[in-house]
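The figures here come from the full heavy-atom set of this structure, side chains too, leaving out hydrogens, waters and symmetry mates. Reminder, nothing fancy here: chain letters follow the sequence lines and each chain counts from 1.
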Amino acid sequence: MSRTASGLTAAIRSSLLGLVGVAGLTAVWAGAVAGGLIDGVPSPAEVFPALTDQLQASELWRATGHTLGMTAAATAIATVVAVLLGTAVGMSAAMDRLLGSTINTLRFVPPVALIPVVLLLMGFGPGSEIAVGAFAALWPVLLNVASATSDLRHRFEDMTKIERLNPVRKLVTVYVPGALPATITGVRLAAALALILVVAIEMLAVPQGLGHQLRFAGDALQLPTMYAYILWTGVVGLLLNTVLLAGERRLRWT
Amino acid sequence: MSMRTRLAPALADTHLDGETKVTDRSAAPEGTGSIKVSGVGYGYPGVRTGQRVIDDLEFSVRPGEFVCIVGPSGCGKTTLLKLLSGLIAPEAGSILVNDEAVSGPPENLGFVFQDHGRALLPWRNAVRNVEFSLEAARVPRRRRKDMARDALRRVHLPDVENLYPAQMSGGMQQRLQIARALAATPSVLLMDEPFAALDALTRFALEDALLEVWQELGLTVVFVTHDLDEAIYLADRVIVLRRGPAHVVREVRVDLERPRDQGRTRAEKDFVALRYELFETIRTL
Ligand SMILES: Nc1ncnc2c1ncn2[C@@H]1O[C@H](COP(=O)(O)OP(=O)(O)OP(=O)(O)O)[C@@H](O)[C@H]1O
Ligand SMILES: [Mg+2]
């Protein structure tokens, strides 16, 4: 049997296992609701039809598009800033001393704590979503790029001197290709964080996207619909991660 | 004008002609490949300030000579190679390579690190790793591939062009590192215990490959090792350093016939006598 075929079987087997897990959890959920163990939660028998209904409605797809668009914009902006800053910090000990403590302070600020400030500054619209998402998405990329670059600097310090590489050449031939895998991993983690924050700010303040739909259904006491949106948001996150993971695997050299 | 770029075409041409004999060094300026160390002292900054790792070090190497440096662990052999290559600057004394004072790594100098992980780029395959040093030396693109293949062939690594370092054995990676150091045709090659991590048979094969390349290209080699047999087998001259601070305690000429042979040379009376002599010297340090 060819390697790709056996790889495919393995992939199918692992997705099947995943489905078994989902089915098991759904069974527990159904049992708990039916046995009266949890209150105020609709049963799967109510939520799944609500989800199928919503999947046929245009609001869900429009909201999904909006949330993913905000997530993508936030991740893209964060990536550009983080790659520039991370490379600078990783390449130069002076930059590390200059920016290191600022970075290490700011990264412990919970992004949700910024929501009120950002809303005041940028209003109740997409700008705020992107800003908060980007703040959350910044750190995984920045830390990954900075530590990969700094490892490369130490590891290849003597070699790059012997080869008499100027800083530009060093950047292009050593740091960029060497830090690429860590950067991509950082982007994948960043996109997940950005999605979470975008949904959160939509729930709290920006009347668009999946977060808003979720909140709206809850406020209208349409609980099956609300849970349908919760489930759907999870599925969107899963798909996003899968796509980025596949991209990451293609680009890795290790 | 640089030696590297001047010698490069000669190497590429001999390859294209299918001819592998001695590269013409007559065009090289006087003093090319020479090393002169006088009164050199060095101490690492911040470590037991004032205490030098190397002090009053004095020796020289003739163009085309193969010199081995031996000495106890921690005596300053790696530090010495870093000084010779301009990676660090001496506190006292002077170092001339190719008759020029060293201030930063000279253009026509190759360095083989003990740890190939600090030299090879894991995201480049073998031939692209060799080309890396040709790119750095500004060799035109159209000539790089041929020169890289030529260097790989010299270290007997012909069929690995597309393998990545992670797919190669330790011995192959060390050969690859040597190929890369040779590709840009340096006049001086510094090697820091390059075979220390290899098994005996791989080591013998690499020693012979190195001697072959050295004779073909007329390089000057300074080779650090802690293995006396290896030093005697390879060298024209063995320099013994002692510790605290490092200085030369002994220089021994090795007049064993070349080309050398792993079996025959190591069994020669003179070889055994030299090893006894060096061993007695080192033991008293
Ligand atoms: N970066 C450094 N900073 C401070 N001290 C150092 C540094 N590198 C080496 N030393 C010290 O300098 C001395 C010589 O080290 P060096 O690495 O040159 O020894 P060596 O002869 O190459 O040893 P080995 O045979 O074990 O490789 C040692 O005492 C070591 O502790
Ligand atoms: Mg050493």
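The two residues B:G117 and A:F156 make their nearest non-hydrogen contact at O-CE2, 3.6 Å. What you find for B:R180 and A:E163 is that their closest heavy atoms are NE-OE2, 4.0 Å. Nearest heavy atom pair, residue A:M159 against residue B:F132, reads SD-CE2, 3.6 Å.
Contacts between B:L134 and chain A at a heavy-atom distance below 4.5 Å are absent for every atom of the residue.
Residues satisfying the ring pair (Phe, Tyr, Trp, His ring centres under 6.0 Å) test with A:Y229, not counting sequence neighbours, are none. Annotation: salt bridge (Lys or Arg N to Asp or Glu O under 4.0 Å) contacts of B:E193 (sequence neighbours excluded): none. Remark: A:Y175 engages no residue in a ring pair (Phe, Tyr, Trp, His ring centres under 6.0 Å) (not counting sequence neighbours).
For B:E91, the CD atom counts as densely surrounded, since its 6.0 Å shell holds more than 12 non-hydrogen atoms of other residues, nucleotides or ligands. Other residues, nucleotides and ligands place more than 12 heavy atoms under 6.0 Å from the CZ atom of A:R169. Dense packing is recorded around CG of A:N166, with more than 12 heavy atoms of other residues, nucleotides or ligands lying under 6.0 Å away.
Among the candidates B:S85, B:S133, B:P106, the single residue satisfying the side chain to side chain contact (heavy atoms under 4.5 Å, CB included) test with A:I162 is B:S85.
Separating the CZ atom in A:R164 from the CZ atom in B:R138 is a distance of 10.0 Å, to the nearest 0.5 Å.
Residues of residues 66-77 of chain A lying under 4.5 angstrom from chain B, judged on non-hydrogen atoms, do not exist here.
Considering only heavy atoms from C-beta on, B:R124 comes within 4.5 Å of A:T173 through its side chain. For the pair B:F111 and A:D158, the minimum side-chain heavy-atom distance is 4.5 Å or more.
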